[in-house]
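The analysis underlying the following values was restricted to heavy atoms, covering all of them including side chains, and did not include hydrogens, waters or symmetry mates. Protein chains get the first letters and strands the later ones, always in sequence-line order, with residue 1 at the start of each.
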Amino acid sequence: MQYAAVTGIGQTQYKARRGDVSIAGLVHEAAQNALDDAGLGWDAIEAVIIGKAPDMFEGVIMPEVYLADALGCSGKPMLRVHTAGSVGGSTALVAASHVQSGTFRRVLTVTFEKQSESNAMWALSNPQPFSPHLNAGAGGYFAPIMREYMRRSGAPWDTGIKVAVKDRLHGSRNPLNHLQMPEITMQEVEESPMLWDPIRFLESCPSSDGACAMVIADEGLAKEGPKAPVWIRGGAMRSEPTMYAGRDEVNPQAGRDCAADVYAQAGIDDPRKQLDCAEVYVPFSWYEPMWLENLGFAEEGEGWKLTMDGATSLDEGGDIPWNCSGGVLCSNPIGASGMIRFAEAARQVRGDAGAHQVVGARTALGHAYGGGAQFYAMWVVSVDK
Amino acid sequence: MSDLLRQQFVLGYTYTRSTGPVVGRFLTELRQRKIVGTRGDDGRVFVPPMEFDPVTASALDEFVEVSDRGEVVSWCWISEPRDSHPFDEPFAWALVLLDGADVPMVHAVAAPEAEMHTGMRVQARWSEEPRGYITDIACFEPEVTQGEG
Amino acid sequence: MSEETTSSEDDITAIETPVYLTYNFTAGEATTRFLHQVRKGKVMGQRCPGCGNVYAPARGSCAACGLPTSEEVELGNKATVQSFTIVWIPIPNNPIQPPYIVANLVPDGANISFIHLMSECDNDSVHIGQRVEAVWKPEEEWDYAMDNIRYFRPLDEPDVPIEMIGKVPLSGWEGKA
Amino acid sequence: MKDIAIVSFAQSDCRRDAGACNEVELIMPVIEQAMQAVGLNNSQDVDFTCSGSCDYQQGAAFAFVMGVDALGAVPPIKESHVEMDAAWALYESMLKISMGQAESALIYGFGKSSPGELPTVLSQQLDPYYLAPLWVDSVSLAALQARVLLDRGLLSEQDMAAVVARSRANAKANNPHAQLAGDVSVEELLAESPWVAPLRKHDCCPISDGASAMVICTIEKARAWGKPYAVIRGIDHRMESHNIGARDLTRSVSTELAAAQAGVDRGPVEVAELYAPFSHQEIILSQALGLDDSTEINPSGGVLAGNLMMASGLSRIGEVATRIMSGDVRRGVAHATSGPCLQHNLVAVLEAA
């Protein structure tokens with residue numbers, strides 16, 4: 001396998017509605033920022049790999065066809081990935097494989113969602129005839145799973161509230177975020193409306209417009225860039241069916257297997273010690289303690305202790321800060337959310353994460369999941385090759 | 001096997017599309033019955049205006065006003081319009097190269113089939129109340145030159 | 001370029017774009033079979049020839065084994081709460097008023113849960129392992145739809161221990177494994 | 001990209017309406033057939049699985065998620081999905097194998113087009129500000145392209161009818177899965193009235209439901225399995241501008257680029273399977289690939305005989321592979337397309353081991 005590194009990162013401002021741009025304009029903005037960051041022009045790109053969540057969010061079918069011009073794809077290969085909510089992560093991995101396979105030397109990858117064009121939640125719960133299921137949105141699907149986690153682990157009732165506050169405080173250091181809540185308190189979260197018990201309004205992710213892009217290059221080209229290359233030390237994907245008898249929905253095996261795979265590639269056997277920080281897809285607060293266990297940062301049933309002890313908090317000087325960027329709880333352009341995690345992990349190890357930088361970070365995890373917590377994509381990036 | 005269960009259903013939303021500066025400018029001008037394009041990096045005028053150059057991907061911002069008259073460079077005849085089509089009566093879809101533009105645009109032409117031909121001159125038929133949509137051009141129709149009917 | 005002076009607020013910045021597409025939806029074979037039974041007031045599952053687990057509503061396959069399923073199994077009217085949420089916002093196109101309970105319920109004889117409403121209960125006392133039964137609409141209102149079951153309501157039966165959830169046989173649970 | 005072996009391929013019949021079958025019921029039989037051909041059971045026996053599909057075809061978000069139910073993905077598998085024709089799922093799988101993260105892969109594509117009105121659905125693939133609100137359907141755009149070729153004398157209606165007649169005859173002779181097959185003369189075809197003039201109905205591919213599946217692996221593994229296989233010697237795909245007015249509609253520049261990169265001209269092309277949804281596009285593509293009379297084009301009848309949208313591209317590759325595996329030919333070319341008027345094209349060169 002060829003070495004591959006992130007050499008450019010571009011993001012847009014995340015907002016409830018980017019009313020100033022078209023869909024093409026949004027995507028182009030992130031891509032142009034990534035090229036600028038890498039010190040490159042469009043002609044330096046050999047292939048474009050694009051990802052987004054369901055086309056129904058914007059009502060443009062297979063939009064890569066329309067977006068070809070905005071992304072300089074004339075005469076180039078262009079590939080469109082869709083793996084549900086994990087797509088931002090899997091798109092980055094598919095882009096990396098273009099280089100790691102030795103097929104291309106430098107590619108551009110972009111993901112986006114312009115959720116303001118529709119109302120994402122109800123796009124997902126479009127009533128189909130003969131559908132035997134009652135649909136109360138993503139929160140309605142995930143809330144019972146969180147409740148089962150609470151029962152199993154005996155976690156304090158306010159663990160989720162702590163996560164909601166912690167990620168918003170992290171997020172207030174990141175000017176790109178949709179939600180800016182530097183004054184948020186535990187009490188404010190607790191008093192916010194209950195939506196799907198145990199999920200309160202402020203324990204849920206927002207719905208955002210935004211795009212994220214990266215330039216990924218081979219070893220030779222990576223060293224030519226203006227910024228230090230961020231080496232991709234491992235990448236893994238796993239899928240399992242939405243429903244099957246005996247499925248552990250709280251601690252899905254696909255997530256555990258995916259983590260084990262990516263850690264093995266990166267030579268990690270103790271993630272809490274060997275990783276300096278992690279950007280993990282946490283769209284509902286309770287998923288932080290659940291994923292702390294699923295990803296091996298804590299023993300089963302003990303993830304909440306790290307959260308409550310402040311281990312995942314930058315503000316509390318935690319040893320393993322999670323979601324220093326503010327995470328999905330601060331900005332959620334669904335199709336891009338996974339790639340933002342991957343890109344923010346890369347920013348950390350490159351040392352240019354601004355006010356949310358973890359001092360001295362060298363190795364970080366980027367994580368995304370989707371569907372009924374059944375699709376996973378993860379990478380480990382490092383300043384060391 | 002029991003009888004099949006079938007049911008018609010409509011999948012749909014009314015999307016709110018923010019236009020950005022280029023598409024927005026085009027639609028704003030349409031509302032005033034004017035047509036603008038953008039000039040590409042190689043000098044070609046694209047109508048409707050492309051936001052990004054199809055070769056260089058650079059953002060285009062030089063607007064050029066073009067005529068609402070032009071020439072059919074290709075066409076097809078819709079003998080059986082679909083429900084979604086703009087007319088119930090047979091009509092043509094065409095590539096129309098507007099005077100002042102270098103790249104033709106796709107739109108409908110309302111004319112008898114016998115009159116349709118490549119190279120025919122057409123002019124925009126504006127909708128009665130332009131609102132800032134591509135459909136403000138209701139369609140194109142055979143050009144009427146001064147002195148004619 | 002424009003003759004009239006237009007303030008920038010008048011410029012078009014957004015358009016409403018209706019995208020409505022009509023489909024003739026067909027329920028799959030397994031779903032058709034299932035709904036025909038529901039129409040008659042019966043909830044049927046399908047047993048996987050590989051792992052032996054019973055799926056309900058069946059989709060014609062065992063997702064774990066990737067095998068087609070065809071053996072039909074009648075399921076009980078009673079079920080066990082695997083988990084639940086109290087929902088505080090309305091469901092579009094559904095008359096139910098918040099707060100209401102949406103529960104993951106495993107019917108007796110099946111090995112997987114489906115989602116349905118719970119009612120005739122004190123929301124605060126709903127719990128994992130609770131026993132419930134289906135409350136059907138009057139027979140004359142039955143259609144090819146899972147909401148022939150109006151909701152599930154609590155039963156006065158002992159809770160199912162956690163490790164037994166998803167394994168209660170059709171013969172039911174009387175507090176004895 | 002490494003040389004990769006295609007060891008099996010299976011496709012369903014092309015049916016106008018698969019009625020009762022849901023996604024899983026469509027996919028499961030072809031996957032089973034493709035896997036059993038090499039003695040495998042399910043996705044557990046390969047290192048990677050990748051699929052292609054489009055939600056809007058049947059009007060259901062996350063259609064591909066249901067597909068996972070057909071795979072036996074417990075324990076969890078390495079899996080991905082493209083919202084594209086499955087030919088691009090093959091491309092992604094080849095990258096995965098080339099980088100060394102997999103030695104084998106299962107690829108499948110599926111489409112149930114019958115629930116919607118496909119040409120109208122595809123109008124919503126176009127520019128959402130300028131074109132989609134006009135509801136210009138995919139057949140009409142292809143007709144605009146055909147007119148340009150006819151006007152310039154680059155082809156005739158006879159040429160187009162000849163493509164259709166050959167498709168029907170080939171389908172009758174060689175393709176038990178075809179939806180449209182039979183003996184029909186150019187004269188008979190030209191006697192039909194135009195539909196979307198200059199296109200007649202027979203110039204357009206039919207709308208079909210179905211699925212196809214393929215198993216690929218490293219050459220070493222194919223040898224170890226001891227089954228016949230075809231080698232993908234080159235593969236490439238290229239995009240063009242979405243603005244059909246800005247393109248030369250008489251050519252397929254992206255196909256020319258992909259063909260050069262894939263190495264089409266590095267040997268004789270005995271057989272070519274081209275994803276040409278409209279008769280005139282087969283002629284454009286043949287020229288872009290530099291094919292002449294020495295190449296048998298679309299022996300299966302191509303997609304004019306049945307178009308499993310989202311699987312047809314993979315099926316073209318499978319059709320060529322099948323002919324190589326059976327020993328009928330030693331080298332062939334397969335093509336896949338996406339977008340209006342051949343906007344995006346993939347070319348693969350297949351050879352005997």
Side-chain angles (χ1 to χ4, degrees), chain A residues 12 15-29 31-32 35 40-45 48 54-61 63 66-76 78 108 110 114-132 209 213, chain B residues 1-30 36-63 82 84 101-106 132-135:
Chain A
T12 65
K15 285 172 83 168
R17 175 170 161 73
R18 281 294 307 271
D20 59 323
V21 288
S22 64
I23 300 170
L26 182 74
V27 168
H28 181 91
E29 181 181 318
Q32 185 68 60
L35 289 172
L40 298 171
W42 286 93
D43 52 5
I45 297 302
V48 177
D55 294 353
M56 282 164 204
F57 284 161
E58 292 85 7
V60 183
I61 301 175
Y66 145 67
L67 291 169
D69 294 297
L71 293 172
C73 292
S74 265
K76 293 176 188 171
M78 187 183 198
L108 172 69
V110 191
K114 201 160 184 314
Q115 290 188 221
S116 66
E117 306 254 322
S118 69
N119 179 331
M121 193 171 99
W122 302 126
L124 291 177
S125 32
N126 177 53
Q128 261 193 347
F130 315 120
S131 167
D209 286 356
Chain B
M1 164 71 205
S2 25
D3 292 340
L4 203 57
L5 290 177
R6 280 179 188 270
Q7 189 175 308
Q8 201 170 72
F9 87 113
V10 174
L11 171 70
Y13 301 93
T14 295
Y15 293 89
T16 304
R17 306 214 181 283
S18 52
T19 57
V22 174
V23 178
R25 169 75 180 273
F26 172 70
L27 298 177
T28 302
E29 298 283 353
L30 276 188
V36 298
T38 43
R39 192 182 300 283
D41 288 338
D42 56 3
R44 282 189 294 176
V45 174
F46 298 104
V47 179
M50 291 190 78
E51 293 187 79
F52 302 100
D53 188 277
V55 179
T56 67
S58 63
L60 302 180
D61 55 8
E62 184 189 341
F63 288 88
R82 296 174 183 271
S84 54
D102 295 295
V103 169
M105 67 184 286
V106 175
Y133 286 82
I134 187 69
T135 48

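Proximity to chain A among residues 40-52 of chain B is limited to Met50(B), Glu51(B), Phe52(B), judged by heavy-atom separations below 4.5 angstrom.
In this structure Asp102(B) satisfies the salt bridge (Lys or Arg N to Asp or Glu O under 4.0 Å) test with no other residue, sequence neighbours excluded. Contacts of Arg18(A) classified as salt bridge (Lys or Arg N to Asp or Glu O under 4.0 Å), with partners at least two apart in sequence or in another chain: Asp20(A), Glu29(A). Under the salt bridge (Lys or Arg N to Asp or Glu O under 4.0 Å) criterion, Asp209(A) pairs with Lys114(A), not counting sequence neighbours.
Side-chain contact check for Pro54(B) versus Asp69(A): some heavy-atom pair is nearer than 4.5 Å.
Note that CD of Glu117(A) is 14.0 Å distant from OH of Tyr13(B), once rounded to the nearest 0.5 Å. Atom CZ in Arg17(A) sits 6.0 Å away from atom OG1 in Thr16(B) (nearest 0.5 Å).
Heavy atoms only, all atoms of each residue included: Phe57(A) and Tyr15(B) are closest at O-CE2, 3.4 Å. Shortest non-hydrogen contact noted between Gly19(A) and Ser18(B) is O-CB, 3.4 Å.
By number of non-hydrogen pairs under 4.5 angstrom with chain A, the leading residue of Thr56(B), Val23(B), Thr19(B), Val55(B) is Thr19(B). Contacts with chain B were tallied for Gly59(A), Gly25(A), Ser74(A), Cys73(A); Gly59(A) has the most, counting heavy-atom pairs under 4.5 Å. Highest contact tally toward chain B, considering only Gly72(A), Gly75(A), Ala31(A), Ala70(A), is held by Ala70(A) [criterion: heavy-atom pairs under 4.5 Å].
In this structure a side-chain-to-backbone donor-acceptor pair under 3.5 Å is present from Arg17(B) to Glu58(A).
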